[in-house]
Amino acid sequence: FCYNLLHAGKERDYMARKRGTKSAGPLQEPVLVPQRVAARSGTTSLRCLFYCIAILVAVVLFVWVLPSPIDPIAFSYSSEDMPTFTGPLAINNHLQNANRVFENEIAGPEAFAVDKEGHVYSGLADGRIIRFDQECVTYTTVARMGKPPYDKCGSSKAEQHCGRALGMHFDPHSPDELYTVDSSRGLTKVNVHTGEVRLLAPSHDTTGKFPYMNFVNDLVVLPNGSVFFTDSSKKFGRVQNRMEVLECRANGQLLHYNPTDNSVEVIAEDLFFPNGICISHDGQSLLVVELTRARILRYHLTGSRAGTFDVFAENLPGLPDNISPSSSGGYWLGVAITRQSRLIDFLTRFPFVRSLIVKFHLVPIIEVFLPKHGLVLELDSGGSVVRSLHDQGGKVTFATSQVLEIGNSLFVGSYFAPYLVKLNL
């Protein structure tokens with residue numbers, strides 16, 4: 001715009017100068033005409049430059065004072081270089097050998113639980129909890145997290161009303177009852193036979209009995225019946241999860257529920273998008289995923305280090321989601337977004353850019369440039385990647401959440417896909 005304005009001004013100046021001197025013939029002196037027009041036109045370029053600078057300053061001031069819902073910080077995933085996709089991370093297409101199950105019949109089967117008879121359960125985006133057999137022939141709705149009417153359930157706008165079951169685990173002392181976290185309502189318990197849903201610990205408690213929670217995400221139940229669960233953000237809800245990812249601040253917490261007295265205790269605060277959680281194979285610690293730091297923390301339950309954290313795995317090749325045990329003595333890890341394009345790493349260093357993305361609602365545009373690359377990782381007992389399953393181009397799945405291993409099969413969830421994925425190993 002400014003270039004065109006200046007160019008037009010220069011042309012007007014040139015024409016004015018041309019009009020300012022008129023030829024009187026080959027043997028006569030030039031005849032001078034009034035220079036008033038040329039003088040006035042000579043200031044056009046300066047005016048155009050002034051207007052352009054004024055517009056630029058106004059735009060900068062507008063962007064600067066326009067409030068942003070996020071307060072981002074600069075950081076780096078690790079002091080080391082981003083992991084290369086070689087060795088155990090070498091790109092393959094193993095996930096493309098998987099099958100989509102219940103396609104276009106369900107949406108967002110993020111997490112799984114298995115009952116004593118081997119049936120698999122999952123929570124869906126429309127608030128339902130379903131049960132299906134391992135052959136995935138059919139499924140049954142066993143409960144709904146929200147209240148009727150259900151006709152608009154499935155959209156993000158209706159999530160508060162319809163509920164959204166994420167992490168789940170059966171009570172070892174009451175095998176018909178399923179602990180689950182409803183992302184916005186809190187910790188619940190579902191009777192899978194009657195469909196009854198009981199709210200044990202509300203997220204936005206006004207009585208002062210329970211700590212403030214806003215985005216409960218995953219849980220694990222210990223053999224003694226106590227429950228540890230994550231609250232990914234006290235600032236943003238699940239529907240606003242992109243805001244939390246772009247802010248990259250320590251807004252999350254780890255909590256403990258005691259079923260004996262129905263109390264909730266905050267175990268740790270200042271966690272970076274704490275997401276998936278599971279108990280270690282030896283039962284001595286919990287593994288807690290920090291999505292926006294691309295790492296996994298270990299919380300010690302016993303011994304001299306009880307009540308403390310250390311890093312179990314870091315600088316992962318993507319932003320990790322849920323974690324679950326593998327039969328090899330290690331752990332399966334779903335990856336929500338890979339770091340393959342380096343765009344994620346670039347944005348971490350420039351909080352002002354991330355703030356602009358949110359201010360101008362550019363998140364959908366940024367997501368277009370993120371690779372649709374399905375990735376599942378297997379870590380050993382020490383936190384090192386020993387196997388990776390890829391779907392380059394996301395032909396079958398991408399943005400994986402929880403991975404459930406049963407026999408020779410993997411069930412792979414997703415927080416949004418209209419299907420679940422089953423892979424025979």
Side-chain angles (χ1 to χ4, degrees), residues 67-73 108 110-111 123-127 145-147 153 155-169 179-190 197-220 227-258 262-277 286 288-293 297 299 319-322 336 354-355 358 363 401-402 415-416:
S68 174
I70 67 172
D71 181 22
I73 56 173
E110 173 155 338
L124 305 180
D126 61 6
M145 302 304 294
K147 299 178 180 179
C153 292
S155 68
S156 58
K157 293 181 180 180
E159 189 166 299
Q160 186 75 29
H161 169 79
C162 300
R164 178 67 162 105
L166 296 178
M168 52 184 58
H169 199 288
Y179 281 108
T180 184
V181 283
D182 185 324
S183 62
S184 59
R185 295 176 62 212
L187 179 66
T188 68
K189 204 171 192 181
V190 179
V197 179
R198 287 185 292 137
L199 183 60
L200 303 177
S203 285
H204 307 100
D205 179 53
T206 57
T207 67
K209 179 180 180 181
F210 300 101
Y212 179 82
M213 301 173 285
N214 192 48
F215 178 7
V216 288
N217 198 323
D218 197 15
L219 60 80
V220 63
V227 181
F228 284 86
F229 61 105
T230 58
D231 181 19
S232 294
S233 175
K234 292 185 289 184
K235 184 175 181 179
F236 300 104
R238 196 208 70 82
V239 175
Q240 300 172 305
N241 64 82
R242 266 62 165 186
M243 301 288 191
E244 182 63 35
V245 171
L246 288 168
E247 181 164 285
C248 295
R249 284 190 177 272
N251 296 323
Q253 54 186 343
L254 175 65
L255 305 109
H256 174 255
Y257 171 75
N258 186 339
N262 195 42
S263 64
V264 174
E265 175 190 7
V266 177
I267 299 298
E269 296 182 294
D270 300 327
L271 299 178
F272 294 92
F273 206 125
N275 199 342
I277 182 172
L286 300 176
V288 182
V289 171
E290 281 192 309
L291 182 141
T292 52
R293 282 300 184 268
L297 300 180
Y299 177 76
L319 305 189
D321 200 325
N322 285 2
R354 302 203 308 272
S355 183
V358 175
V363 173
S401 55
Q402 185 170 337
Y415 67 90
F416 71 92

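Not measured: the values here are computed from a predicted model.
No donor-acceptor distance shorter than 3.5 angstrom exists from the side chain of Asn217 to the backbone of Asp231, with no hydrogens or angles considered. Judged by distance alone, with hydrogens and angles left aside, the side-chain atoms of Arg354 form a donor-acceptor pair with the main-chain N or O of Leu246 at under 3.5 Å. Counting only distance, with no hydrogens or angles, the side chain of Thr188 and the backbone of Leu199 share no donor-acceptor pair below 3.5 Å. Under the 3.5 Å distance criterion, the side-chain polar atoms of Thr230 are matched with a main-chain donor or acceptor of Asp218. Checked by atom type and distance alone, the side chain of Arg249 pairs as donor or acceptor with a backbone atom of Asp71 at under 3.5 Å. Judged purely by atom type and a 3.5 angstrom limit, Ser232 uses its side chain to pair as donor or acceptor with the backbone of Pro274. Panel note: side chain Gln253, backbone Tyr212; a donor-acceptor pair is recorded below 3.5 Å. Side-chain N or O atoms of Glu290 include one that pairs as donor or acceptor with a backbone N or O of Phe272 at under 3.5 Å.
The only member of His204, Gln240, Arg238 that meets side chain to side chain donor-acceptor pair (under 3.5 Å) when paired with Asn214 is His204.
Leu254 places none of its side-chain heavy atoms less than 4.5 Å from the side chain of Leu297. Between Asn275 and Asn322 the shortest side-chain heavy-atom distance falls below 4.5 Å. Side-chain contact between Glu110 and Asp321: present, with at least one pair of heavy atoms (C-beta onward) separated by less than 4.5 Å. Side chains of Val190 and Met145 form a contact here, defined as non-hydrogen atoms less than 4.5 Å apart. In this structure the side chain of Cys248 reaches within 4.5 angstrom of the side chain of Arg293, judged on heavy atoms. Between Pro72 and Ser355, some side-chain heavy-atom pair lies under the 4.5 Å cut-off. Residues Tyr179 and Tyr257 are in side-chain contact: their nearest non-hydrogen atoms beyond the backbone lie under 4.5 Å apart.
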Using the side chain to side chain contact (heavy atoms under 4.5 Å, CB included) rule, take Asn262 and Leu200 through it: C-alpha gap first, then chi angles, then the decisive distance, then the call.
CA-CA 7 Å; Asn262 195 42; Leu200 303 177; 4.1 Å; yes
Please determine whether side chain to side chain contact (heavy atoms under 4.5 Å, CB included) holds for the pair Leu187 and Val216, giving the CA-CA distance in whole Å, both sets of side-chain angles, and the decisive distance to 0.1 Å.
CA-CA 8 Å; Leu187 179 66; Val216 288; over 6 Å; no
Given the rule in the side chain to side chain contact (heavy atoms under 4.5 Å, CB included) test, do Lys209 and Ser263 qualify, once you have shown the distances and angles that lead to the verdict?
CA-CA 8 Å; Lys209 179 180 180 181; Ser263 64; 5.8 Å; no
Could you walk me through whether Glu244 and Asn251 pass side chain to side chain donor-acceptor pair (under 3.5 Å), step by step?
CA-CA 8 Å; Glu244 182 63 35; Asn251 296 323; 3.2 Å; yes
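Shown here for Gly123 and Met168, the closest heavy-atom pair between the two residues is N-CE, 3.5 Å.
The line from NE2 of His161 to CZ of Arg185 is 10.5 Å long, rounded to the nearest 0.5 Å. Interatomic distance, Met243 CE to Lys235 NZ, rounded to the nearest 0.5 Å: 10.0 Å. Separation of atoms CG (Leu291) and OG (Ser233) is listed at 12.0 Å; rounding is to 0.5 Å. Considering NE2 of His256 and CG of Leu219, their distance stands at 12.0 Å, rounded to 0.5 Å. With rounding to the nearest 0.5 Å, the separation of NZ in Lys189 from OG1 in Thr180 is 12.5 Å. Distance check, rounded to the nearest 0.5 Å: NE2 of His169 to CZ of Phe228 gives 13.0 Å.
In this structure, Phe273 has its ring center under 6.0 Å from that of Phe215.
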